[in-house]
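Quick notes on the structure that follows.
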Number of protein chains: 2
Amino acid sequence: MHATLRDAPTPLTRSVEDYLKVIYHLSSQGGFASTSDIAAMLEVAPPSVSGMVKRLSETGLIEHVPYRGVQLTNQGRRAALRMIRRHRILEVYLTQQLGYDWDNVHEEAERLEHAVSDELIERMAGALGDPHYDPHGAPIPTPGGEIEEAELITLADAPVDGVLELRQVNDDDPARLRYLADQGLTPGTRLTVLERQPFNGPTTVRIGAATRVVGRELALALWCRGVQA
Amino acid sequence: MHATLRDAPTPLTRSVEDYLKVIYHLSSQGGFASTSDIAAMLEVAPPSVSGMVKRLSETGLIEHVPYRGVQLTNQGRRAALRMIRRHRILEVYLTQQLGYDWDNVHEEAERLEHAVSDELIERMAGALGDPHYDPHGAPIPTPGGEIEEAELITLADAPVDGVLELRQVNDDDPARLRYLADQGLTPGTRLTVLERQPFNGPTTVRIGAATRVVGRELALALWCRGVQA
DNA sequence: GGCGCTGATTAGCCTAGCCTAATTATGAGA
DNA sequence: TCTCATAATTAGGCTAGGCTAATCAGCGCC
């Protein structure tokens with residue numbers, strides 16, 4: 001039998017699920033998630049993290065190297081990916097079936113992800129035709145725990161003259177999401193980098209027939225894939 | 001401005017919401033809900049109820065008469081009806097939009113009702129055309145906190161020769177719900193009471209062209225309204 | 001009117017998660 | 001190598017919401 005995201009040996013608390021998700025995101029690039037970064041992301045005090053880290057490593061969900069940070073075990077990673085699948089399926093469902101906008105699904109999904117059953121998530125996924133990406137372009141883990149790892153670069157790092165496809169946008173600021181939707185900057189959009197001002201200045205891109213100047217901060221929130229012209 | 005079920009002055013905990021729902025159901029007929037009945041319904045020990053009762057009356061959600069029981073205040077009743085609306089809208093949504101059966105929606109709704117926002121509930125209600133009854137025939141409170149109080153009698157109490165419409169079925173036993181669905185005994189069904197055996201014996205009814213014998217226990221779970229023949 | 005059963009309450013304890021204040025480890029730079 | 005800022009941890013406390021054991025109130029029955 002193959003392990004799937006459905007395994008739920010001991011039901012996890014809401015709080016534990018949140019810690020695992022945050023640790024997943026923080027350790028996805030480098031190796032370790034630090035106590036203070038976890039605390040900042042969850043908006044709790046660092047000693048609260050130390051306490052939870054102790055409990056999580058006792059249950060085998062994370063590995064803790066004192067004064068270095070933590071990493072997910074395989075078990076912890078599966079639990080985290082299960083939450084991420086739930087969150088992203090919920091976001092797609094709320095936007096496609098219930099008229100939510102892509103800038104206000106996050107909060108709702110954040111609460112629901114702890115309450116839904118695996119069955120409900122799979123029914124939603126089925127009703128949506130098993131989507132592969134959430135509304136912001138983030139890949140949705142499969143029920144088996146696989147997740148696409150695309151090599152994306154931000155628009156701020158894209159080479160001049162490159163032809164790009166916008167694949168994913170950061171969803172951490174609703175106002176930015178509204179602005180992006182307004183500008184038609186949604187996943188799938190093709191754009192050509194025309195020039196970039198020196199000293200981390202704005203990037204000028206062509207989108208279809210139009211030309212836009214994108215400031216560095218915004219450009220850092222736009223993840224793209226290179227495209228054969 | 002009119003008070004609505006959307007008021008949420010202080011967000012309530014999951015546990016508090018459960019207590020209020022149970023107290024609502026227990027005190028809907030008689031006046032007071034007893035400590036031990038609440039404890040039985042929530043599957044907690046009686047002292048846990050005493051403790052929570054103290055907190056709930058301090059926050060003004062219930063009124064406590066020591067050694068007698070508790071009653072909801074208006075504020076508590078509104079909070080309870082809000083949860084009941086959520087629960088019943090969720091049940092309709094899960095059955096109508098996501099293929100759940102009427103015997104397995106309860107558990108899912110029980111968890112989701114604490115996590116959904118008012119906005120999501122109203123979006124679901126809108127997508128369903130603002131239903132008035134849940135899948136088991138129970139009336140859905142309005143967003144304003146009104147709930148239909150129909151005078152229903154159980155099939156076990158229905159007079160012989162009466163013509164009835166089945167309006168609502170108890171949803172506390174999934175196996176019974178499956179049986180009822182199998183027998184076509186769903187809300188809206190017309191039936192005629194043909195006879196009843198003495199000493200609380202079974203009731204014989206005609207449903208369309210068919211005749212069925214319904215045992216007392218089952219008959220007590222079927223709530224009906226008299227109909228002009 | 002008093003006995004005793006039942007049900008409610010109080011006393012005291014536990015766990016999960018949070019907090020602040022105090023302490024300790026790490027590692028960069030003099 | 002030593003110092004010191006920063007980050008992490010420990011110490012100790014708080015609340016919500018459970019629990020068991022012990023006590024107390026209400027009331028039916030003799």
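Numbered from 1 within each chain, the chains take letters A, B, ... in sequence-line order. None of these values were measured; they are calculated from a predicted model.
Using a 4.0 Å heavy-atom distance criterion, Ser48(B) is classed as a base contact.
One can place CG of Asp37(A) at 16 Å from P of dT6(D), the figure rounded to the nearest angstrom. The interatomic distance linking Leu56(A) (CG) with dC18(C) (P) rounds to 11 Å, in whole Å. With rounding to whole Å, Ile38(A) atom CD1 is found 14 Å from dT9(D) atom C1'. Distance CZ (Arg68(B)) to C1' (dG7(C)): 14 Å, rounded to an integer number of Å. Lys54(A) places its NZ atom 14 Å from the C1' atom of dA8(D), with the value rounded to the nearest Å. Met52(A) has its CE atom 9 Å from the P atom of dA16(C), to the nearest Å. What separates NE2 of His64(B) from C1' of dT9(C) is a distance of 9 Å, to the nearest Å. For the pair Arg14(B) CZ and dA16(C) C1', the interatomic distance rounds to 16 Å; values are reported in whole Å.
In this structure, of dA8(D), dA25(D), dC19(D), it is dC19(D) that holds the atom nearest to the side chain of Ala45(B). Here dA11(D) is the nucleotide among dT9(C), dG18(D), dA11(D) with the atom lying nearest to any side-chain atom of Pro47(A). The side chain of Tyr67(B) lies closest to dT9(C), out of dG18(D), dA8(D), dT9(C). When distances are taken from the side chain of Thr13(B) to each of dA25(D), dC19(C), dG17(D), the shortest belongs to dG17(D).
Ser36(A) has a side-chain polar atom (N or O) that falls below the 4.0 Å cut-off from OP1 or OP2 of dA8(D). Neither OP1 nor OP2 of dG7(C) sits under 4.0 Å from any side-chain N or O of Ser34(B). Of the side-chain N and O atoms in Ser50(B), one or more sit less than 4.0 angstrom from OP1 or OP2 of dT9(C). Contact annotation: Arg55(A) side-chain N/O to dA16(C) OP1/OP2 distance is not under 4.0 Å.
The aromatic rings of Tyr93(B) and Tyr93(A) sit perpendicular to each other, their planes meeting at more than 60°, with 30° as the lower class boundary.
Between the side chain of Thr95(A) and the main chain of Asp101(A), no donor-acceptor pair closer than 3.5 Å is present.
Looking at Arg85(B) and Glu122(B), a side-chain N of the basic residue comes within less than 4.0 Å of a carboxylate O on the acidic one, giving a salt bridge.
Both tests pass for Arg167(B) against the ring of Tyr133(B): distance under 6.0 Å to the centre and angle within 45° of the axis.
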Checking side-chain hydrogen bond (donor to acceptor under 3.5 Å, both in side chains) for the pair Trp223(A)/Asn170(A): CA distance, chi angles, key distance, verdict?
CA-CA 8 Å; Trp223(A) 295 85; Asn170(A) 283 7; 3.0 Å; yes
